[in-house]
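I have placed the structure first, in the form of structure tokens, so that the comments after it can refer back to it.
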Amino acid sequence: MKVATWNVNSLTARWPRVQEWIHRHEPDVLLLQETKQSDDKFPFAALTEMGYEAAHFGQGQWNGVAILSRVGLSDVHHGLEGDIEARFIGATCNGLRVYSCYVPNGRALNDPHYDYKLRWLEALRIVLSGRDRAQPVMVGGDFNVALSDFDVYDPTAFEGTTHVSVAERDALAALLATDLVDLGRYFHADEPNYTWWDYRNGAFRRGWGLRIDYLLCDGATAARVSDAYVDRDERKGEKPSDHAPVVTEFSW
DNA sequence: ATGTCCCAACTTTTGGGA
């Protein structure tokens, strides 16, 4: 099984690259974030022709999450308790429970959106804490949190900002504490393995990245994983997303 | 160290969000 997660920063703008990426990588399951589409704009028909079933939870201009699968798609649920935005969708694909997550950005430590982010992460923790531990699970997405300073190109540049605060890191660590493995870090402990680079300031060229996109899974599934890597090349070229896909492969 | 991209709209330029 090959599962990937990718914040595409508008599926409308990214559709040519997403199609090309799917043809090249042939993922069994692809988790998308920031589709920025309403459900009626989502390319269900084109995906069917490509061999993928899809579930989309969209709201239009902002947010939007999806799950694409060529190995079956059932038991779709979307939304977190108390949340009105399109940031969370789950489905079962070939016995694997998968979730596509787009965690709120937070904007600034003194912004109401920051409190919303922390509440959102706690609502996700409750869902993951209460899950059926007998079922294999893969949680992927844009978490908008760099777990440690090693996940940040220049920690001093981020002092006093979101993505690196103690409360955010504690909230992400609390997700992992529901017995989930951070696959990207587990398989690449010695490389930063950034997943996002700002469009501005030539950040990609300068190596100014953050690791804020994750694939998390239960321990039994992690034991079957051969690798989890960032497809850094996808950040290059014409009209890239500001995020690179994170990809994992495991026996199934 | 704020150099871009994407979206919507009272749309051909501006403002909000990331």
Side-chain angles (χ1 to χ4, degrees), chain A residues 5-21 31-43 56-66 80 83-89 100-121 124 140-147 149 151-165 167-169 171-172 192 194-214 230-246:
Chain A
T5 183
W6 191 8
N7 179 324
V8 293
N9 183 20
S10 169
L11 188 57
T12 309
R14 219 64 58 210
W15 180 237
R17 284 193 72 133
V18 170
Q19 274 186 297
E20 199 274 336
W21 193 88
L31 312 175
L32 298 179
Q33 300 86 38
E34 279 204 271
T35 61
K36 296 185 177 179
Q37 287 178 329
S38 51
D39 290 336
D40 62 311
K41 295 286 195 293
F42 188 83
H56 181 235
F57 179 31
Q59 71 177 65
Q61 180 180 6
W62 306 117
N63 312 314
V65 285
L80 282 183
D83 189 29
I84 60 167
E85 300 193 335
R87 298 179 173 276
F88 183 75
I89 189 167
S100 179
C101 308
Y102 177 45
V103 177
N105 174 285
R107 296 177 189 165
L109 299 185
N110 62 356
D111 193 298
H113 205 257
Y114 177 77
D115 300 314
Y116 168 51
K117 179 180 194 174
L118 295 178
R119 289 196 308 273
W120 200 97
L121 284 163
L124 176 57
D142 174 4
F143 287 76
N144 272 318
V145 179
L147 189 55
D149 278 354
D151 302 306
V152 182
Y153 70 91
D154 181 2
T156 61
F158 278 81
E159 281 174 17
T161 74
T162 61
H163 294 59
V164 301
S165 71
E168 289 164 275
R169 286 176 166 172
L172 181 51
Y194 301 140
T195 66
W196 173 86
W197 299 262
D198 201 314
Y199 283 124
R200 296 168 293 186
N201 308 317
F204 183 66
R205 171 173 59 78
R206 296 162 114 143
W208 292 354
L210 300 180
R211 192 175 73 99
I212 55 176
D213 299 84
Y214 299 83
V230 178
D231 183 12
R232 197 174 168 283
D233 286 346
E234 192 58 34
R235 182 63 177 76
K236 303 173 181 173
E238 289 294 309
K239 277 175 77 81
S241 170
D242 45 353
H243 295 253
V246 183

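Protein chains get the first letters and strands the later ones, always in sequence-line order, with residue 1 at the start of each. Note that the structure is predicted; figures quoted are calculated from it, not measured.
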inquiry  = Quick check: on DNA chain B, is the nucleotide nearest A/Asn9 upstream (toward 5') of the one nearest A/His243, or the reverse? Name the residue that is more 5'.
reply    = A/Asn9

request  = Identify whether any heavy atom of A/Ala203 sits under 4.0 Å from a base atom; if not, whether one sits that close to sugar-phosphate; answer base, sugar-phosphate or nothing.
outcome  = nothing

inquiry  = Would you call the rings of A/Trp208 and A/Tyr153 parallel, tilted or perpendicular, taking 30° and 60° as the class edges?
reply    = parallel

ask   = How far, in whole Å, is B/dG17 from B/dA1 if one measures between their P atoms?
value = 26 Å

request  = Please state the C1' separation for the pair B/dT12 and B/dA8 - nearest whole angstrom.
outcome  = 14 Å

key: Side-chain donor/acceptor contact of A/Arg206 with base of B/dG3 under 3.5 Å   = yes

message = Using atom P in both nucleotides, what's the gap between B/dT2 and B/dC6 to the nearest angstrom?
response = 22 Å

query = A/Gln37 has an atom CD; how far is it from atom C1' of B/dC7, in whole Å?
reply = 12 Å

query = Quick one: does A/Gln59's side chain have a donor or acceptor within less than 3.5 Å of a partner on A/Ala86's backbone?
reply = yes

key: P spacing across the pair B/dC10 / B/dG15, given as an integer number of angstrom   = 15 Å

inquiry  = Go nucleotide by nucleotide along DNA chain B from the 5' end; which of A/Arg107 and A/Ala157 gets its closest nucleotide reached first?
reply    = A/Ala157

query = Parallel under 30°, tilted from 30 to 60°, perpendicular over 60°: which one fits the rings of A/His243 and A/Trp196?
reply = tilted

query = Do the charged groups of A/Asp149 and A/Arg169 touch, with an N to O distance under 4.0 Å?
reply = yes

task = With heavy atoms under 4.0 Å as the rule, sort A/Asn201 into base, sugar-phosphate or nothing.
result = base

request  = Check every strand shown and say whether A/Ser241 touches a base, only sugar-phosphate, or nothing at a heavy-atom separation below 4.0 Å.
outcome  = nothing

